[in-house]
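Residue numbers count from 1 along this sequence. If you're wondering where the values come from, they're calculated on a predicted model, not measured in any experiment.
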Amino acid sequence: MDEKLAQIAALAGKNDKIAEKLEQMLTGPNDRAYVVCSFDDCKLHEKGRCTIYTVLDVPRMKTGQPCSGYEKVAAAEN
């Protein structure tokens with residue numbers, strides 16, 4: 001991972017409101033969160049944006065069998 005992109009992702013993880021919300025949402029042992037970040041590099045500063053995707057109760061992988069289905073759940077706005 002690019003060093004600047006890693007810094008943007010780390011800053012998102014240090015935000016108290018984000019950490020608190022993830023702690024509320026990710027309560028099960030199979031709950032996961034994935035962070036996707038991008039950034040614009042300027043001469044004077046970087047500007048980044050991260051999207052956090054949560055997947056609750058991730059099913060165990062079954063070799064040769066597709067997942068039975070997924071349900072779309074609306075994310076909370078902060």
Side-chain angles (χ1 to χ4, degrees):
M1 180 185 294
D2 182 82
E3 183 179 328
K4 290 182 181 180
L5 192 56
Q7 289 175 351
I8 298 292
L11 286 172
K14 290 181 180 179
N15 184 305
D16 291 339
K17 289 181 181 180
I18 293 173
E20 198 173 299
K21 187 65 175 176
L22 286 174
E23 190 173 318
Q24 291 173 0
M25 294 176 71
L26 304 174
T27 57
N30 294 328
D31 295 346
R32 302 287 184 266
Y34 301 93
V35 180
V36 178
C37 297
S38 63
F39 72 97
D40 297 323
D41 197 2
C42 296
K43 289 183 179 181
L44 301 176
H45 68 282
E46 289 107 26
K47 180 178 175 183
R49 176 187 176 135
C50 292
T51 303
I52 301 172
Y53 297 93
T54 58
V55 182
L56 304 180
D57 198 21
V58 176
R60 291 182 182 258
M61 185 181 286
K62 297 178 183 177
T63 307
Q65 297 179 1
C67 297
S68 60
Y70 288 94
E71 179 181 342
K72 184 175 183 178
V73 179
E77 292 287 327
N78 287 334

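Scanning for side chain to side chain contact (heavy atoms under 4.5 Å, CB included) contacts around A10 gives an empty result, with sequence neighbours left out. For E23, there are no side chain to side chain contact (heavy atoms under 4.5 Å, CB included) partners two or more places apart in sequence or in a different chain. Qualifying side chain to side chain contact (heavy atoms under 4.5 Å, CB included) partners for D57, counting only residues two or more places apart in sequence or in other chains: N30, D31. By the side chain to side chain contact (heavy atoms under 4.5 Å, CB included) test, S38 pairs with R49, sequence neighbours left out.
Closest non-hydrogen pair, M25 versus L56, comes out as O-CD2, 3.6 Å.
Cluster membership for I18 and L11, using ILVMFWY side-chain heavy atoms within less than 4.5 angstrom, is not shared.
Of the inter-residue distances, the one linking K17 atom NZ with L22 atom CG reads 14.5 Å to the nearest 0.5 angstrom.
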